[in-house]
Colleague: 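Quick one: the structure is below, and I'll ask about it shortly.
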Amino acid sequence: AEAKIASQPKSLGLNWIEMGPDNVGGRTRTITIDPSDPSGNTLWAGGVTGGLWKSLDGANTWENVAGFNENLIVSSIAFTGNGHLYVATGPSFDGGGGTGGSGSIGAGLFRSDDNGGTFTLVIGPSIDWNEGSDWAFINKIAADPLNSEGLWAGGNAGFKHYTETGGFTVPTGISATANCRAVEVSADGQVVVAGISSNQAFISIDGGNTFAQASQGSTTGRLPNTGVDRMEFAVSPDDHNYIYALQPNGGRTNGVFVSQNAGQGDTWQRIWPPGFGTGLVRQRDRGASRHQFAGSVGRRCVLVEDHP
């Protein structure tokens with residue numbers, strides 16, 4: 001009897017109607033202030049499983065952006081100097097799929113020329129919902145302050161520079177296929193930092209024309225490259241010579257490091273956890289245990305910023 005039941009068709013010809021929820025943004029991965037609003041009350045946010053959202057009242061209320069429905073897995077948002085809005089999808093830190101997986105595969109990079117009314121695909125994976133395709137994961141995008149239509153993008157297709165008229169190019173000094181997991185650009189555009197794989201940092205001090213790997217290793221003054229699950233960076237908006245690096249390793253961390261020389265030479269020093277603050281940079285101590293930094297989500301839910 002069981003064999004007979006198992007062999008019968010499972011479909012009953014039912015027509016399903018989506019009932020929701022339609023007001024849940026999911027874990028927020030990116031948030032951006034709209035530069036076209038001088039009041040600063042217009043914000044854009046992206047949820048890893050909730051799509052693109054917009055607030056017009058300083059984050060008191062939010063509405064889902066109806067014009068963006070190509071993919072709910074938003075990883076990064078950026079406005080270029082010409083006012084165009086870019087939305088990247090597919091953070092690689094959340095996994096590609098499989099049984100029990102989160103299935104955070106993106107659909108590429110999108111652009112809106114009408115402030116979020118409509119979006120067009122800039123570039124996307126050659127095979128939809130395939131984690132092995134280029135551009136299935138885009139971890140970070142950042143506007144290029146030196147080019148009003150320029151954008152830096154990092155993901156499983158590598159680290160690239162994009163312009164609306166010239167397309168994508170590979171910067172000098174970085175492998176064209178290297179998996180890029182972090183991107184930061186200084187306010188003046190002269191310093192660009194790319195996190196390659198899980199433990200490599202590449203830095204440009206000439207506006208992105210050339211890149212070189214940061215001084216890394218276990219000796220004093222170098223940025224560690226072992227026991228690192230991921231790196232996040234921040235560049236001071238006041239002085240681009242100050243570069244910060246946060247190194248999680250699962251739920252643990254190697255700490256926060258800073259270079260006061262734009263990452264050039266053996267100039268890195270650890271300023272957090274406590275006991276490592278020296279020189280001109282104040283030690284940061286928020287009381288967190290080094291061994292219980294972020295629990296089981298330390299690889300995914302981390303961010304470092306410089307307070308002006």
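Throughout, numbering of the chain's residues begins at 1 and tracks the sequence.
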Colleague: Hydrogens and angles aside, do Asn225 and Gln216 bring a side-chain donor and acceptor to less than 3.5 Å of each other?
Modeller: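 No, because no side-chain N or O of Asn225 sits under 3.5 Å from a partner of the opposite role on Gln216.
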
Colleague: Answer yes or no: is there a donor N or O on one side and an acceptor on the other, between the side chain of Asn60 and the main chain of Asp57, under 3.5 Å?
Modeller: yes

Colleague: Using the benzene-type ring in the case of Trp, are the ring centres of Phe159 and Phe202 under 6.0 Å apart?
Modeller: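 When the ring centroids of Phe159 and Phe202 are compared, they turn out to be at least 6.0 Å apart.
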
Colleague: Is a side-chain N or O of Ser236 found less than 3.5 angstrom from the main chain of Asp239, in a donor-acceptor match?
Modeller: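 Looks like yes, one N/O pair under 3.5 Å.
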
Colleague: Taking Gly166's backbone N and O only, do any of them form a donor-acceptor pair with Thr163's side chain (distance below 3.5 Å, no angle check)?
Modeller: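 The answer is yes, because a donor-acceptor pair under 3.5 Å joins these two groups.
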
Colleague: Would you kindly say whether Ser204 and Asp206 are connected by a side-chain donor-acceptor distance under 3.5 Å?
Modeller: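 The criterion, which ignores hydrogens and geometry beyond distance, is satisfied for Asp206 and Ser204.
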
Colleague: For residues Ser148 and Asn82, is any side-chain donor paired with an opposing acceptor at under 3.5 Å?
Modeller: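 No, Asn82 and Ser148 have no side-chain donor paired with an acceptor closer than 3.5 Å.
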
Colleague: Keeping Asn64 on the side-chain end and Leu52 on the backbone end, is there a donor-acceptor pair under 3.5 Å?
Modeller: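 The answer is yes, because a donor-acceptor pair under 3.5 Å joins these two groups.
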
Colleague: Ignoring hydrogens and geometry beyond distance, is a side-chain donor-acceptor pair present between Thr267 and Asn261 at under 3.5 Å?
Modeller: no

Colleague: Under a 3.5 Å distance rule, please check whether Lys54 uses its side chain to pair with a backbone N or O of Val65 as donor and acceptor.
Modeller: no

Colleague: Are the side chain of Gln247 and the backbone of Pro224 linked by a donor-acceptor contact shorter than 3.5 Å?
Modeller: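 Confirmed, Gln247 side chain pairs with Pro224 backbone.
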
Colleague: Taking CG in Leu121 as the centre, count heavy atoms belonging to other residues, nucleotides or ligands within less than 6.0 Å. Is the count above 12?
Modeller: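 Count over threshold, so yes.
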
Colleague: Is Val74 reachable from Tyr86 through a run of hydrophobic residues whose side-chain heavy atoms are each under 4.5 Å from the next?
Modeller: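 No; Val74 is not reachable from Tyr86 via cluster members.
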
Colleague: Of the options Asp34, Thr30, Thr32, which is the one that meets Trp44 in a side chain to side chain donor-acceptor pair (under 3.5 Å)?
Modeller: Asp34

Colleague: Measure from the side-chain N and O atoms of Thr89 to the backbone N and O of Ile73, and report whether any donor-acceptor pair falls under 3.5 Å.
Modeller: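 Judged by distance alone, no pair lies under 3.5 Å.
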
Colleague: Is the side chain of Asp229 donor-acceptor paired with the backbone N or O of Ser198 at a distance under 3.5 Å, no angle test?
Modeller: no

Colleague: Out of curiosity, does Phe119 fall in the hydrophobic cluster containing Phe79 (side-chain heavy atoms, cut-off under 4.5 Å, transitive links)?
Modeller: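 Same cluster.
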
Colleague: Within the distance-only criterion (no hydrogens, no angle test), does the side chain of Asp266 pair as donor or acceptor with the backbone N or O of Ser215 below 3.5 angstrom?
Modeller: no

Colleague: In terms of hydrophobic clustering (I, L, V, M, F, W, Y; side-chain heavy atoms under 4.5 Å; direct or indirect links), are Val191 and Met231 co-clustered?
Modeller: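 Yes, Val191 and Met231 fall within the same hydrophobic cluster.
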
Colleague: Just checking Ile77: does its CD1 atom have more than 12 heavy atoms from other residues, nucleotides or ligands closer to it than 6.0 angstrom?
Modeller: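 Result for CD1/Ile77: enclosed.
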
Colleague: Where the side chain of Ser76 meets the backbone of Ile141, is there a donor-acceptor pair that is under 3.5 Å apart?
Modeller: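 At least one qualifying donor-acceptor pair exists.
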
